[in-house]
2 protein chains.
Amino acid sequence: MPIQLAGKAAERGNSPAGDHCPVDRAMQLIGSRSTMLLMREAYYGTTRFDAFAARVGMTEAVTAKRLRELVAAGLLERRPYQEPGQRTRHEYALTERGLDLMPALFALGQWGRKHLPHDGTPMLTHDACGAPVRVELRCTEGHRPRPEELVITS
Amino acid sequence: MPIQLAGKAAERGNSPAGDHCPVDRAMQLIGSRSTMLLMREAYYGTTRFDAFAARVGMTEAVTAKRLRELVAAGLLERRPYQEPGQRTRHEYALTERGLDLMPALFALGQWGRKHLPHDGTPMLTHDACGAPVRVELRCTEGHRPRPEELVITS
DNA sequence: CGGCATCCTGTATGATACTG
DNA sequence: CAGTATCATACAGGATGCCG
């Protein structure tokens with residue numbers, strides 16, 4: 001049974017042909033599968049090139065290209081570091097901009113966990129209270145609006 | 001300045017090479033730009049083929065293909081309907097599964113709005129109280145964990 | 001209006017081999 | 001370990017034209 005949002009949306013004007021909405025821009029920049037998986041790994045705590053490539057299961061070529069893009073886009077930062085007695089290495093660390101993407105990625109995972117077949121996969125937990133963490137729509141007054149209560153405003 | 005999540009993540013085992021995490025599956029199914037934009041339109045209230053194609057600015061061929069995929073994946077439902085005196089038409093209506101994806105798409109838009117250049121774009125509002133709606137991470141106890149308070153558990 | 005078929009280009013990704 | 005280079009395949013998406 002299909003569901004309708006509050007219908008005020010339909011009254012808005014057309015999107016311009018060349019679509020410049022934030023969703024579109026974001027998808028063009030970071031919307032590839034490999035990019036998303038690399039970000040997932042970054043949230044998991046991965047920082048080194050080899051670990052990214054191995055965990056995501058991508059070739060080094062793709063890994064290198066996407067990591068370069070993510071650094072260029074400011075979601076990751078490439079920093080040299082040196083362990084005592086070792087040669088200089090580089091790590092890829094999350095920036096604030098990269099961290100801000102976490103809800104989007106996590107929301108996607110939340111959807112997949114609910115609607116697609118999957119193996120047992122890790123959950124996010126709030127360490128302070130031990131409760132599971134989810135992504136949700138919430139208005140600044142703290143309410144959780146039902147779909148029918150949402151309106152799109154210009 | 002880079003940011004680290006709680007480090008317990010790094011202790012987990014490798015992801016299998018063929019990655020079956022929900023994020024990956026979701027990206028493979030609905031991760032294309034055109035798919036996301038079509039879903040955005042569905043949330044805006046668009047239901048007819050022509051409106052989808054025009055608003056997203058895609059060719060009919062791509063629109064048809066993606067809509068077919070979205071129906072097959074259960075995010076949209078294709079239903080015949082008839083206006084008085086008109087021939088039978090079809091509309092594409094959101095299913096619950098499709099509606100569940102809204103936080104993910106909205107979170108992506110929220111990120112884009114904050115971190116990418118964009119024109120003035122519509123906002124989501126909670127009709128009951130008039131307050132703007134955002135996507136956020138929240139634990140089931142109602143807290144909003146800071147990034148350092150998040151741990152990944154198996 | 002609501003599509004489908006065909007051709008074409010660009011990108012995403014894998015496989016493999018090589019370098020500092 | 002951290003990549004680069006090259007080749008090959010698959011899919012995304014635009015352009016165009018046809019159909020009921």
Side-chain angles (χ1 to χ4, degrees), chain A residues 14-19 23-25 27-39 41-42 46-73 76-93, chain B residues 14-19 23-25 27-39 41-42 46-73 76-93:
Chain A
N14 283 338
S15 309
D19 202 310
V23 172
D24 186 27
R25 288 198 183 277
M27 280 303 290
Q28 297 196 47
L29 191 63
I30 51 161
S32 83
R33 175 177 161 263
S34 50
T35 301
M36 292 296 221
L37 296 183
L38 287 175
M39 289 307 293
E41 284 308 317
T46 302
T47 58
R48 295 216 321 259
F49 181 88
D50 253 36
F52 277 113
R55 285 191 159 149
V56 172
M58 297 188 307
T59 62
E60 291 92 344
V62 176
T63 306
K65 187 171 188 182
R66 297 282 160 264
L67 284 177
R68 237 181 292 130
E69 290 170 1
L70 283 170
V71 168
L76 297 179
E77 206 177 75
R78 188 170 184 266
R79 302 188 311 171
Y81 73 101
Q82 189 153 17
E83 288 169 7
Q86 301 287 313
R87 67 189 171 97
T88 300
R89 305 233 164 124
H90 293 273
E91 63 174 355
Y92 296 87
Chain B
N14 283 339
S15 309
D19 202 311
V23 172
D24 187 27
R25 288 199 183 276
M27 280 301 291
Q28 297 196 48
L29 191 62
I30 51 162
S32 83
R33 175 177 162 261
S34 50
T35 301
M36 292 295 223
L37 295 183
L38 286 175
M39 288 308 293
E41 285 309 317
T46 302
T47 58
R48 295 218 320 260
F49 181 88
D50 255 37
F52 276 114
R55 286 192 158 149
V56 172
M58 298 188 306
T59 62
E60 290 90 346
V62 176
T63 306
K65 189 171 186 179
R66 297 284 160 261
L67 283 177
R68 237 182 295 130
E69 290 170 1
L70 283 170
V71 169
L76 297 179
E77 205 176 78
R78 187 169 186 264
R79 302 188 310 170
Y81 73 101
Q82 190 151 17
E83 290 169 7
Q86 301 285 315
R87 69 188 170 98
T88 300
R89 305 237 164 118
H90 292 272
E91 62 174 356
Y92 296 86

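Chain identifiers are assigned alphabetically (A, B, ...) following the order of the sequence lines, protein sequences preceding nucleic acid strands; residue numbering begins at 1 within each chain. Side chains included, hydrogens not; waters and symmetry mates left out as well; all remaining heavy atoms used.
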| query | Taking atom P of D:dA12 as reference, at what distance in whole Å does atom CZ of B:Arg33 sit? | reply | 13 Å
| Side-chain H-bond candidate by donor/acceptor type, A:Tyr81 with A:Arg89, under 3.5 Å | no
| task | With heavy atoms under 4.0 Å as the rule, sort A:Thr63 into base, sugar-phosphate or nothing. | result | nothing
| Under 4.0 angstrom between B:Arg48 side-chain N/O and C:dG2 OP1 or OP2 | yes
| message | For a quick check of understanding: with a heavy-atom distance under 4.0 Å over all strands, which category does B:Ala61 fall into, base, sugar-phosphate or nothing? | response | base
| task | Please report the closest heavy-atom contact between B:Leu38 and B:Val56, naming both atoms and the distance. | result | CD2-CG2, 4.0 Å
| From C:dG14, C:dA12, D:dA2, nucleotide with atom closest to A:Thr59 side chain | C:dG14
| note | Checking D:dA2, C:dG3, D:dG13 against the side chain of B:Tyr92 (C-beta onward), the nearest is C:dG3
| request: Specify the separation, in whole Å, of atom CD of A:Gln28 and atom P of D:dA12. | output: 15 Å
| said: Can you identify which nucleotide, out of C:dC4, C:dG14, C:dA12, has its nearest atom closest to the A:Val62 side chain? | reply: C:dG14
| request: Output the distance between atom CG (B:Leu67) and atom NE2 (B:His90), rounded to the nearest 0.5 Å. | output: 12.5 Å
| said: Without decimals, in angstroms, what is the distance between B:Arg79 CZ and C:dG2 P? | reply: 15 Å
| Non-hydrogen side-chain atoms of B:Arg33 and A:Asp24 separated by less than 4.5 Å | yes
| remark: B:His90 atom NE2 is separated from D:dG20 atom P, nearest whole Å, by 16 Å
| message | Using whole Å, what does the distance between atom P of nucleotide C:dG2 and atom CE of B:Met58 come to? | response | 15 Å
| request: Kindly point out which of C:dT13, D:dA2, C:dC4 is positioned nearest to the side chain of A:Arg89? | output: D:dA2
| Quick one: A:Leu70 CG to C:dA12 P, roughly how many Å, whole number? | 12 Å
| request: Taking only the side-chain nitrogens and oxygens of B:Arg66, find out if one of them lies under 4.0 Å from OP1 or OP2 of D:dA12. | output: yes
| said: Just to be sure I understand the rule, does B:Phe52 reach a base, reach only the sugar-phosphate, or reach nothing, if contact means heavy atoms closer than 4.0 Å? | reply: nothing
| said: Quick one, A:Arg25 and A:Leu29 - any side-chain contact, counting heavy atoms below 4.5 Å? | reply: no
| query | A:Tyr81 OH to D:dC1 P: how many Å, rounded? | reply | 10 Å
| remark: Of the listed C:dC4, C:dG2, C:dT13, the closest approach to the A:Ser34 side chain comes from C:dT13
| message | Which nucleotide wins on minimum distance to the side chain of B:Arg78, given the candidates D:dA2, C:dG3, C:dC1? | response | C:dG3
| Which listed nucleotide (C:dC4, C:dG14, D:dA2) is nearest to the side chain of B:Glu60? | C:dC4
| task | Would you indicate what B:Ser32 reaches in the nucleic acid, counting non-hydrogen atoms under 4.0 angstrom: base, sugar-phosphate, or nothing? | result | sugar-phosphate
| So do A:Glu69 and A:Ile30 actually touch side chain to side chain, heavy atoms under 4.5 Å? | no
| field | Nearest-angstrom distance from the residue atom CG of A:Leu37 to P of C:dA12 | value | 14 Å
| query | Which sits closer to the 5' end of DNA chain D, A:Leu67 or B:Thr35, going by the nucleotide each is nearest to? | reply | A:Leu67
